[in-house]
Amino acid sequence: MNMNELKKFDPEVYNAIVNEIKREQNKIVLIASENYASKAVLEAQGSVFTNKYAEGYPNRRYYGGCEYADVVESLAINRAKELFGAEHVNVQPHSGTQANMAVYFAMLKPGDKILGLSLNHGGHLSHGVQVNFSGMLYKTISYGVDRETGLIDYEEVRELAMRHRPKLILAGASAYSRIIEFRVLSDIAKEVNAYFLADIAHIAGLVATGNHPSPVPYADFVTTTTHKTLKGPRGGMIMCKAEYARAIDKMVFPGIQGGPLMHVIAAKAVAFKDALSPEFGRYQLQIIKNAKELADALMNKGIKIISGGTDTHLMLIDLTGKKITGSDAEKALDSAGITLNKNSIPYDKLPAAITSGIRIGTPIVTRRKMKEPEMVLIADLISRVLDNPEHSPAINRVREKIKALCKKFPVYEDMGI
Ligand code: PLP
């Protein structure tokens, strides 16, 4: 990417971008909710479409000059429909949280009950947590995972649904590593006459490629982000049954947003084209293979994984037997060149700012073409840091190994820096 103008005009921002590129190149990033977008996605997102107001929808705009905006938005919609088999798609939500907001605002009234996975058990803020608008406006009932197995307790979901009769039942998670039984949850929603919303933000890439069962046939609404396993630009999207199309479109615009971010929508279209390719299917499969290998290798080192493994791109490490907190582990690992995030584990006794766990995901290392042997090495390096978080020589040795690994699997090589 050519950044000559930026370098001249605003060296402070230029330098921050250069440092961010170097950080992404020189660390092993295991944040499960992140990915490295392709250069084609970055180019579309950095395009002149950032200039364009296009309130409304293709061929129904409130501004002139939208003919090319219509082209990219229609491409994004049609590709997403093909990718997920959805009846209706809205690609305008600025984020995953706004996608969920649009569904709630379109279908619920303040004070209505929603039933979703508890944040402490892997759910998301926008699924009814008190500090989020969703918890402020709606009465939240939460289901959790079983203390022993770490799996969603579907019987508990059914019992809670019967007892509380929520207006909407939510599936989807930020830190749950196992297959989610969308069909079972959809049946429960039908039993109590609730809407069923599946938030596939994390697993969208896996769903699109058949590597995780799709909720699209069962759910009234499916929301997602486009920047996680899907490897697109930062943003959101809503899919729904045709009968809800009008209500959803009206709620996104003019309900909760003004002009769509056309440069982001152009980049979404590019990401969906990529996601339709056979290569993307192989990428998603390798993400899961890598996650399974990493989980096995960590468990071989005596590290505990919630639910005993993973079916997806992520896993949750339980540090309670390790005498280190999630936040200290995050810091020690980052100083060794491994970036990930602390995360509450189910039934965690520590607060969210400290936690007893860390979350690990494989979308980025797989994007860098790493395979099973590299996962074994990364597990070994993680284990060394967790056992010696304050021992500088050990951390230094890990850092050297990480540097070598990053060099062997380069990324963003021709960024013009
Ligand atoms: N839903 C789930 C399950 C998520 O994990 C996330 C983000 O991590 C979101 C929604 C929200 O996405 P955003 O950060 O774009 O608002």
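Nothing fancy with the numbering, it's 1 onward along the sequence. Both ligands and their constituent atoms are indexed starting at 1 by order of listing.
Scanning the protein for heavy atoms near atom 11 (C) of ligand 1, the closest one is His124 CE1, 3.3 Å.
Of the charged side-chain nitrogens involved, at least one lies within less than 4.0 Å of a carboxylate oxygen, so that Arg158 and Glu155 count as a salt-bridged pair. Between Lys342 and Asp328 there is no salt bridge, since no side-chain N of the basic residue sits under 4.0 Å from a carboxylate O of the acidic one. In summary, Arg178 and Asp311 engage in a salt bridge, as defined by a charged side-chain N under 4.0 Å from a carboxylate O.
Between His121 and Tyr347, the ring center distance clears the sub-6.0 Å criterion.
The option with the heavy atom closest to atom 8 (O) of ligand 1, from among His94, Met101, Lys228, Gln98, is Lys228. Residue nearest to atom 3 (C) of ligand 1, selected from Ser126, Ala32, Ala173: Ala173 (by heavy-atom distance).
Put simply, the side chain of Gln257 gets close to the backbone of Gln92: a donor and an acceptor are under 3.5 Å apart. At least one donor-acceptor pair closer than 3.5 Å links the side chain of Tyr283 to the backbone N or O of Pro363.
Near Ser174, meaning under 4.0 Å from any of its heavy atoms, are these atoms of ligand 1: 2 (C), 3 (C), 4 (C), 5 (O). Of all atoms in ligand 1, numbered sequentially from 1 with element shown, those under 4.0 Å from a heavy atom of Thr225 are 12 (O), 15 (O). Of all the atoms in ligand 1, the ones that sit under 4.0 Å from a non-hydrogen atom of Thr97 are 11 (C), 12 (O), 13 (P), 16 (O). Residue contact check: His202 has heavy atoms under 4.0 Å from atoms 5 (O) of ligand 1.
Among the atoms of Asn100, none of the N or O lies under 3.5 angstrom from an N or O of ligand 1. Here's the thing with Gly96: one of its N/O atoms is less than 3.5 angstrom from an N/O atom of ligand 1. The shortest N/O to N/O separation between Asp199 and ligand 1 falls below 3.5 Å.
For the 3.5 Å distance criterion, the side chains of Asp348 and Asn120 fail to qualify, holding no donor opposite an acceptor. A donor-acceptor contact under 3.5 angstrom links the side chains of His127 and Asp199, judged on distance only.
Only the side chain of Ala201 comes within 4.0 Å of ligand 1, judged by heavy-atom distances.
Atom 16 (O) of ligand 1 is approached by the protein to below 4.0 angstrom, counting heavy atoms only.
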